[in-house]
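Every heavy atom of this structure was used, including side-chain atoms; hydrogens, water molecules and symmetry mates were not.
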Amino acid sequence: MGWRHGSGEAERLQRDAARELTRAMEDDDPAAYERATDLLEQVLRMFGPGVPQWAPLHAACGNALLRRFQLTGDIALLRESARCSQVAVDAAGAVDAEIRAVLHHQLAVALRHLFEARGNPDDLEAALLSARHSIAVPIPDPDFLAACQAQLGVLLRLRHLISGSVADIDEAVTVCRQAVAAAPEPGADRASHLNNLASALWARFDQDGGMRDLEDAARAAEQALDASPDGHPEQPLIMGTLGTVLRCRGERTGSAEDLDTALDLLDRAVAATDRSSPRWPLYIANRAAVFRARFDLSGADEDLDRAVTETADALLQPDLVGAEYPGVLINLATARAVRFARRGAAADLRDAVAALRKARALLSGDDPRRAVVTAELGSCLLGRHDRTGSAEDLDEAVRLLEEAATAERREQSAGWLVNLSHVLRRRWQERGDPADLDAAVRHAAAAAQRFAALEPRRVAALTAEGVARYDRFQDRGDPTDLAAGIAVLGEALDRAGGRRPGHGLLLSAYGAALAARAQRTGRSGDLRGAVSYWREASATGAAHVTDRLDAAVRWGQAAAASGDQRSAAEGYRTAVALVNLLAWRGLDGADQRHRLAAWPGLAADAAACEVSADPAGAIGGLEAGRSVLWSQLLDLRADVRDRYPNLPSDLATRLDRVREALDQPTT
């Protein structure tokens with residue numbers, strides 16, 4: 001649509017504006033775009049509505065403002081771009097259908113950016129309406145047709161994010177496939193269309209857990225990366241998409257290689273993106289999710305710390321608003337909750353609960369992420385109950401997890417059934433209601449059936465079922481529960497890959513079940529097997545220290561009961577050594593005392609056992625177990641140079657600074 005009309009000063013300004021726009025598009029120069037929009041606004045002030053120039057001038061101005069926003073991130077420019085594009089559409093009248101498609105497409109793009117910046121669903125609905133108008137007529141240009149289809153796919157995926165609509169995500173995949181098919185030749189936009197398809201397929205995988213969608217998403221994202229040469233403006237975005245897809249595949253399959261590749265891609269995306277870009281905090285948040293996934297696979301504490309700190313950094317960015325914000329908030333809360341379960345710092349649990357309540361308040365009742373928040377909040381409240389003894393927290397945890405587990409998202413609800421099983425089992429331990437224990441067994445078994453045979457999360461479900469069945473056997477004495485518990489725990493051990501954080505609980509529970517069978521049948525082999533599993537659990541560095549300590553104590557108790565004092569003393573020595581890790585120096589005094597209080601009499605039991613095996617070591621073990629905090633305090637007061645006289649002076653100075661920092665009183 002031409003827009004050089006008029007005479008005199010107006011015609012000169014239009015020529016100047018056209019020249020500046022050409023220069024701006026050639027050099028991608030924000031200053032040139034600014035000069036062009038200033039000139040166009042001067043021309044518009046010379047005309048009024050109804051003149052032929054009204055629509056094309058507003059369209060040109062809206063397009064220039066949109067590009068200025070993309071280069072600067074100035075939301076005021078984006079709002080003005082959307083206004084100008086809307087005026088152009090309203091004023092276009094009976095123009096050529098393809099030109100109207102161009103105008104609607106431009107308006108859809110501006111409104112999408114506005115939705116992403118503000119999170120207002122009205123912007124999204126208006127953008128979808130314009131996107132549908134843009135493809136409502138035959139479009140002979142295949143590249144433009146592909147661009148319109150891709151835009152509709154992106155908008156449908158965004159609406160799916162906040163609505164959970166299966167119809168939206170199915171249509172998004174369909175139109176994104178059409179966009180890729182409409183532009184089969186290599187070109188500037190093919191990489192973008194492939195990336196949009198990968199994002200839609202990943203979103204559908206996240207909806208229903210279909211591995212075919214996840215594999216197709218990885219393939220499309222890899223093709224998009226291959227089609228984006230160095231310098232391609234969307235290459236960081238494509239690397240971010242592929243990194244996220246590979247992270248999900250790594251979580252699903254237990255592939256450390258996928259997780260390492262995902263981390264490398266997201267590192268490159270972060271390095272190639274300016275911190276002022278609204279995409280930068282999303283890449284940081286996605287990278288943090290990879291660290292969390294690596295922790296779940298290996299139990300490396302440094303990965304968990306990176307997951308917490310990087311997600312918190314992403315949330316500090318002012319551009320992280322709209323639909324993405326609650327998801328990142330949820331990620332931070334879950335990482336803090338996992339770190340609390342591992343280390344016991346009450347501050348992590350407090351912050352996790354606060355973040356989840358905030359996220360829950362931000363999400364509408366039909367937002368699919370609300371079920372995620374509901375389930376995670378329930379699990380955190382169980383942790384707070386364990387810390388405070390609050391009956392209200394325990395009952396609310398059950399209620400929230402029951403609510404989440406009824407969600408339609410089959411894959412996620414299976415995981416929540418596992419958590420619900422643990423919560424119900426805990427309530428049974430405290431109140432003795434047999435219905436709670438029966439429900440714990442039932443929910444864990446249902447979760448195990450939902451997960452595929454090779455799904456890593458099946459191990460957690462089998463572990464929960466085995467632990468609950470063992471408890472029910474202990475409570476009611478039904479040998480079928482014991483046999484079933486041993487069977488499912490054995491299957492979990494066969495399927496467990498590597499040494500995950502939950503591996504200690506699995507080993508300890510299997511040992512307990514074998515010991516119970518030994519007590520019933522007198523099989524000495526079962527008891528030896530139980531001690532062997534407890535010994536392994538206590539030495540599994542990736543496991544939670546509480547699970548390791550529990551296994552060591554079981555080892556000591558069982559060996560002592562069987563008359564093997566030497567093995568019993570070794571088990572108790574292992575337990576006493578783990579107490580220092582239980583009350584590690586990173587906790588404040590209240591957290592340390594709370595954790596130690598859960599193991600009363602451990603040092604005395606260890607010393608009593610040690611007297612028979614090694615009388616000389618009994619007193620030392622007793623003091624080591626009874627004076628954990630005092631020993632740590634004395635260590636901090638000792639001069640590093642006196643203890644290690646051969647240390648290099650610079651290292652000794654650094655260690656002294658660390659010692660002094662740790663010795664400061666907590667507030």
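A salt bridge links Arg219 with Asp216; the closest basic N to acidic carboxylate O contact falls under 4.0 Å. Between Glu430 and Arg427, none of the side-chain N atoms (NZ, or NE/NH1/NH2) sits under 4.0 Å from a carboxylate O, so this pair counts as no salt bridge.
Partner of Arg472 under the side-chain contact (heavy atoms from CB on, under 4.5 Å) criterion, out of Leu437, Thr480, Leu482: Leu437 alone. Under the side-chain contact (heavy atoms from CB on, under 4.5 Å) test applied with Leu225, the options Asn195, Leu194, Ile238 reduce to a single match, Ile238.
Between Ala513 and Ile486, the shortest heavy-atom distance links the atoms CB-CG1, 3.6 Å.
Scanning for side chain to side chain donor-acceptor pair (under 3.5 Å) contacts around Trp534 gives an empty result, with sequence neighbours left out. In this structure, the side chain to side chain donor-acceptor pair (under 3.5 Å) partners of Arg426, at least two apart in sequence or on a different chain, are Asp386, Gln429.
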Q) Given Arg450 and Ser413, is the side chain to side chain donor-acceptor pair (under 3.5 Å) satisfied, shown in steps? A) CA-CA 9 Å; Arg450 291 189 188 183; Ser413 64; 2.8 Å; yes
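For residues 537-548, the set of pairs meeting the salt bridge (Lys or Arg N to Asp or Glu O under 4.0 Å) definition, not counting sequence neighbours, is empty.
More than 12 heavy atoms of other shown residues, nucleotides or ligands fall within 6.0 angstrom of atom CZ in Arg431.
In this structure a side-chain-to-backbone donor-acceptor pair under 3.5 Å is present from Arg458 to Ala448.
A donor atom on one side chain and an acceptor atom on the other are not found under 3.5 Å apart for Glu257 and Ser255.
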